[in-house]
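Notes to accompany the following structure.
Atom set for the values below is all heavy atoms of this structure, side chains included, hydrogens, waters and symmetry mates excluded. Numbered from 1 within each chain, the chains take letters A, B, ... in sequence-line order.
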Amino acid sequence: MENKEIAEILYNVADFLEMEDNPFRPKAYRRAAHTIEFLTENISEVREEGNLEKLPGIGKNIALKIEEILDTGSLQYLEELRKEIPVDFDALMSVEGLGPKKIKHLYEELGIKNLEDLENQAKRHKIRRLKGMGEKSEKNILENIEFAKKHGTRKLLGYVLPIAQELKTQLDELDITDDVKIAGSIRRRKETIGDIDILVITSHPQKVMDFFITMDMVVDVINKGPSKSTVRLNEGIECDLRVFKANVFGAALMYFTGSKETNVELRRIAIKNNLKLNEYGLFKGKNRIAGESEEELFHKLGMNYIEPELRENRGEIEAATEKKLPELVGYHDIKGDLQIHTKWSDGSHSLEEMVQSASQIGYEYIALTDHAGSLKIAGSMDEKRIKEQMKEINKINNGMDDITILNGVEVNIGSDGKLDVENDLLKDLDIVVASIHSGFRQNEDKITKRLITAMANENVNIIGHPTSRKIQERQAYDLDLDKIFKVSRETNTFLEVNSQPNRLDLSDVNIKKSLEHGCKLVINTDAHSQDQLKYINLGIATARRGWATKMDIINTLSLKKLEKLFN
DNA sequence: GCCGTTTTCGGCCCGACTGTTTTCAGTCG
């Protein structure tokens, strides 16, 4: 059983416990779930070593529950909680303004279990009669159900980021704003985003709020106060804006960037040192001892600065305290993109156009890796076309002096691990990316063997999108990642961090795990058009979230060093 | 339910905003 599945069960327990009076029990379960979710070792191994209770937030009781889940695949305690209050908790929680207490109240008084029940009872005006509810609550529920149904899930970072940047631009243009920052999970570059958080420094808070809630992109105002407002945007996403004065900028940014878990941990550390941390600063008694910059706040808390991408309370606070944080790969460190498609297969721009865009970015080299092989996917090139494209690329290379084009292909890995292009041809290419595009349902053993067979082929340099997950669409296939990482090292085959917004594969957690195995990675866009080349920033962000340094990423190397690595 | 370099019991992050209230609980991040 995967760590993630066990964490999921404990999160579910926490959800149900939220409906009860003691607020600390759900917190305890949530903390334990978070620990397991981001553990890089397998939880069953930790258990075999008898170390469950050494993990943060896991004590005797929860350790027993984890053992039960590992042994039986389920948790009796959760089944009992579900029986007691049999509600579709996630669905009801997605309605703005409904929380655990109200959900419980609605179930006990009106038997509401799901969105359908909720809508029915609201329409029949049953809700306004409940204690603590009124006409307005009922009206809000009806409005918010609509939104929850339409835009229930989180959205891809690649989709939300440009929207947030547009908001920032418009707010930046105002005379009354001194600074505007995108904070929250976008600043941390999390792969999916729940809402947009914007922080404004101003000495005219009221005017900024008035402007904000009447912006063209705003379709609905959820709440509005003197320092904080929440709106809905026409793109189906919510946006929070908070205003602060310049002297608390660092504390505000730190608080508003999160993550929530990181904030809680930092505030706990503050308390331990007889200090108090909030969005207005770090306080000793009534005196503010830091607050203008994040750097000084971290410093006063006794630790090094933590990059936003790392702030998930996954060990970065301990590392920062011991001054052992890695120096993350930078957004300008990538010297070339090693998976790019053109019109020769399923791309929408010509070879020349893609080269021109890459050159404008300032890359030292790129690899053109159109689909190749017998497979009909994506207009794959056959042997004859591959040879023709080679000649074209040679011609272009001879006419360019600022950028070198590596001649590559992306080949498909068959269900038996074999590639559908002959080795005789592959060995003449500069670079071969091998990826799985079908047959995802094979069991763990088979898929793992399939990838290992491909990696053992000495012509293969890179495994493209190694787990083939698609965020919110398709789970990663079952894979023995420990084995894959080991073979990756042994065969000098590099695993890709694919930058497509819905892939980001390897994921942050798997990147961290691979680095602990000593793997080296490559960050590619898999671009199918000129504008997709900019997705490289999403890949870099994901690598940073996985604690990757420049040394861990092969396409930060000069061309000379890279070619040496491939031979 | 977890945890401890003041504690094995008594804490557990902190503040803004709303709606339904007459001082606050619930929600949100």
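- Spacing of C1' atoms, B:dT20 relative to B:dA25, comes out at 10 Å, to the nearest Å.
- Backbone-only engagement by A:Pro100 is indicated by non-hydrogen atom pairs under 4.0 Å involving sugar-phosphate atoms exclusively.
- Ion pairing between A:Lys324 and A:Glu318 fails under the 4.0 Å rule for side-chain N and carboxylate O.
- Screening residues 299-328 of chain A for ring pair (Phe, Tyr, Trp, His ring centres under 6.0 Å), with sequence neighbours left out, gives A:Phe298-A:Tyr305.
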(request) Assign a letter to each nucleotide of nucleotides 14-24 of chain B from its 5' end: B, base within under 4.0 Å of a protein heavy atom; S, sugar-phosphate only; -, no contact. (result) BSSSSSS----
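- With both ends at atom C1', the span from B:dC9 to B:dC14 equals 24 Å, rounded to whole Å.
- Between the CD1 atom of A:Ile141 and the CZ atom of A:Arg128 there is a distance of 11.5 Å, given to the nearest 0.5 Å.
- Taken to the nearest 0.5 Å, the CG atom of A:Leu253 stands 4.0 Å off from the CZ atom of A:Arg187.
- A:Tyr29 places its OH atom 16 Å from the C1' atom of B:dC3, with the value rounded to the nearest Å.
- When every heavy atom of A:Gly330 is checked against every heavy atom of A:Ile540, the shortest pair comes out as O-CG2, 3.8 Å.
- Taking atom CG on A:Asp195 and atom C1' on B:dC28, their separation rounds to 9 Å, with Å as the unit.
- Comparing the same atom, C1', in B:dG19 and in B:dT23 gives a spacing of 13 Å after rounding to whole Å.
- Within the structure, ring pair (Phe, Tyr, Trp, His ring centres under 6.0 Å) pairs that include any residue of residues 204-231 of chain A do not occur (at least two apart or interchain).
- Residue A:Arg154 contributes atom CZ, which lies 14 Å from atom C1' of B:dC28 at whole-angstrom precision.
- For residues 34-61 of chain A, every residue pair satisfying the ring pair (Phe, Tyr, Trp, His ring centres under 6.0 Å) rule, not counting sequence neighbours, is listed here: A:His34-A:Phe38.
- With both pairing distances under 3.5 Å, B:dT8 is matched to nothing as a Watson-Crick or G-U wobble pair.
- If you check residues 101-114 of chain A against DNA chain B, the residues with a heavy atom closer than 4.0 Å are A:Lys101, A:Lys102, listed by number.
- Taking atom CZ of residue A:Arg232 and atom P of nucleotide B:dC28, one finds them 11 Å apart after rounding to whole Å.
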Using a cutoff of under 3.5 Å, can you pull out all pairs of nitrogen or oxygen atoms linking the protein to nucleotides 4-6 of chain B, with atom names and distances?
none

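- Per the geometry, NZ belonging to A:Lys54 stands 17 Å off C1' belonging to B:dC3, to the nearest Å.
- Within residues 68-93 of chain A, no residue is approached by DNA chain B to less than 4.0 Å at the level of any non-hydrogen atom.
- Under the ring pair (Phe, Tyr, Trp, His ring centres under 6.0 Å) criterion, no residue pair touches residues 99-144 of chain A, with sequence neighbours excluded.
- Annotation: B:dT27 and B:dT21 have their P atoms spaced 15 Å apart (nearest Å).
- Taking atom C1' in both B:dC12 and B:dT7, one finds a spacing of 13 Å when rounded to whole Å.
- Contacts between residues 297-323 of chain A and DNA chain B, defined by a heavy-atom separation below 4.0 Å, involve no residue at all.
- Across the C1' atoms, B:dG1 and B:dT8 are found 14 Å apart, a figure rounded to whole Å.
- Residues satisfying the ring pair (Phe, Tyr, Trp, His ring centres under 6.0 Å) criterion with A:Phe244, sequence neighbours excluded, are A:Tyr280.
- Put simply, CG on A:Leu64 is 12 Å from C1' on B:dG1, counting in whole angstrom units.
- B:dA25 atom P lies 17 Å from atom CD of A:Glu18, rounded to whole Å.
- Residues forming a side chain to side chain contact (heavy atoms under 4.5 Å, CB included) with A:Ser137 (at least two apart in sequence, or on another chain): A:Met133.
- Between A:Ile271 and A:Leu275 there is no side-chain heavy-atom pair separated by less than 4.5 Å.
- The line from CZ of A:Phe16 to CG of A:Asn12 is 7.0 Å long, rounded to the nearest 0.5 Å.
- Look at CD1 on A:Ile141: it is 13 Å from C1' on B:dT27, rounded to the nearest Å.
- Using a 4.0 Å heavy-atom criterion, one finds that A:Leu98 contacts the sugar-phosphate atoms exclusively.
- Side chain to side chain, A:Asn114 and A:Glu116 fail the donor-acceptor criterion of an N or O pair below 3.5 Å.
- Residue contacts shown for A:Arg268 are limited to sugar-phosphate atoms, with no base heavy atom under 4.0 Å away.
- Comparing the P positions of B:dC28 and B:dT22 gives an interatomic distance of 23 Å, to the nearest angstrom.
- Contacts between residues 2-12 of chain A and DNA chain B, defined by a heavy-atom separation below 4.0 Å, involve no residue at all.
- Look at the C1' atom in both B:dG29 and B:dC13: the space between them is 12 Å, to the nearest Å.
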